[in-house]
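In what follows, every chain begins at residue 1, and chains take the letters A, B, ... in the order their sequences are listed.
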Amino acid sequence: MLNQGTMTLIDLANPTRFLALTARVLPWLAGATVILLAIGLYQAALAPDDYQQGATVKIMFIHVPNAWLSMFVWGVMSLASLGTLVWRHPLADVAAKAAAPIGAAFTFLALVTGSLWGRPMWGTYWEWDARLTSVLILFLMYLGLIALWRAVEDPSRAARAAAVLTLVGAINLPIIKFSVDWWNTLHQPASVVRMGGSTLDRSFLIPLLVMAIGFTLLFLTLHLAAMRNEILRRRVRSLQMMQASRQAA
Amino acid sequence: MSLGPYASFIVTSYLSAAVVIAVLIAWVAIDYGSQKRRLRQLEEGGVARRSGRSATDFK
Amino acid sequence: MSALAALIRRDIRIALRVGGGALIGVLFFLTVVVLMPFAVGPDLALLTRLGPAILWLGALLASLLTLDRLFMADQEDGSLDLITMSRTPLELACAAKALAHWLAAGVPLIVATPVLGLLLNLDMLATAAVALTLLAGTPALTFTGMIGAALAVTLHRGGLLMAVLVLPLSIPVLIFGVAASQAAITGPLSFGAPFSILCALSLVSFVIGPLAAAASLRHGLD
């Protein structure tokens, strides 16, 4: 052991130590999430109406954090995939697998709130707007990744395939974003109020930041808890294998 | 606080966020309970980890 | 009867568990529909007009491509031999397998239709019409597609061969499915006529599909 006093990344490679750390950290993380989200919601409720969009601007406080998380979670999964492929860190694929459904849920929320925000402005729930369309493609990629995790029974084999797909996705996402923007300007959509096009006033920016940090903490809480579940699920799996091989012998 | 003519859209978006997050939390909590229960059942069935420690003991 | 019920339960459980492909069909459906605007442009008026056709094409491809594995997995683990040798008539066993496949892979497509209708700017009436025609038409797709799956498993060739065999057979279903949904949205035809023909096609396929699939399994497997 390199250093007994501090918790290093190498110590965390031991799932039992990771579980112990999770059990200690989780309540604090959950508490911080609740406090920040409560402050954020209170400030969002007090925020003034936008001169152009009226009260619908309140949807921004919930839409933007989810859109931010949809990308942030893919970033977390990409880092974890590097951990799987390059450093073969034992917890990396657990982290990647646990993040995927949570990321898909936040991306789904970004889509739903985006289309609810668009309805008063566009007159339809869905407009093939460049940003929303990019988020939709990201959502499809999340679903594909979850399908890949579910298609292979052996977790460690699924982990490598999913890691390759996640990294390819991370490289491809900017290209997709660029092509969708190009496609959208090519077709000259009807003039709509661009979301968040103008510079944000401080009265919007502060609640937005608080909400974004609150949602990020919410993701971290859920992610840690889901990782703990995934470790336990693998223990169940290996114990079941031992039981089956003992019965066969 | 008045929400203007589009109050239903604002309320719906906040509600949908609350519902999805509640489902996520419930999924994580229920999954945790069921994995621990299955581990306990396996250990009562006499299957032990190679390290000899209890699988659910990590506090 | 209980043997057939057991077969249906088993097939649905296999399709929904880890490694089963039932929900991938819905994802494929979603992806195909999302691709369309990139090809034809984001003009909502145009998408509304093409909507029923896009949804039907997507559902057709999704329900046929998932059929590929209908008999293949059973042949790999040997349970297909048990099914052919059992005392239950093979025709009924085939029908049970097709029903299970439709429940696991076809019904989710219909459930997903309203969401996709939203993306294509279809209104409530149009979405309901498409969903109703899919409900009446996708069983026909599954039951005729089963013939192709049975042929493919006896020839040990899957995938594209099956699609090439089955897609021409599904043209009538496509014609009357899209016609019925267009009739409900724009007219001038009445909804009733094409929809009754669509239902009739489904009913005919319930008879022909299991008979032909069982025949090709009997002659092909040796």
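Using a 4.5 Å heavy-atom cutoff, the side chains of A:T133 and C:F38 are in contact. Considering only heavy atoms from C-beta on, C:L30 comes within 4.5 Å of A:L143 through its side chain. Looking only at side-chain heavy atoms (C-beta outward), C:D43 and A:W128 stay at 4.5 Å or farther from each other.
Residue A:L136 touches chain C through its side chain alone, counting heavy-atom pairs closer than 4.5 Å. For a residue to count as touching a neighbouring chain, one of its non-hydrogen atoms must lie under 4.5 Å from one of that chain's; by this rule A:I146 does not touch chain C. Looking at C:L118, both its backbone and its side chain come within 4.5 Å of chain A, counting heavy atoms on both sides.
Residues C:I24 and A:A147 come closest through the heavy atom pair CG1-CB, 4.1 Å.
Atom CZ of A:R237 has more than 12 heavy atoms from other residues, nucleotides or ligands within 6.0 Å. Dense packing is recorded around CZ of C:F191, with more than 12 heavy atoms of other residues, nucleotides or ligands lying under 6.0 Å away. Other residues, nucleotides and ligands place more than 12 heavy atoms under 6.0 Å from the CZ atom of A:R234.
In summary, of the residues considered (C:L47, C:V115, C:L119), a side-chain contact (heavy atoms from CB on, under 4.5 Å) with A:W126 occurs for C:L119 alone.
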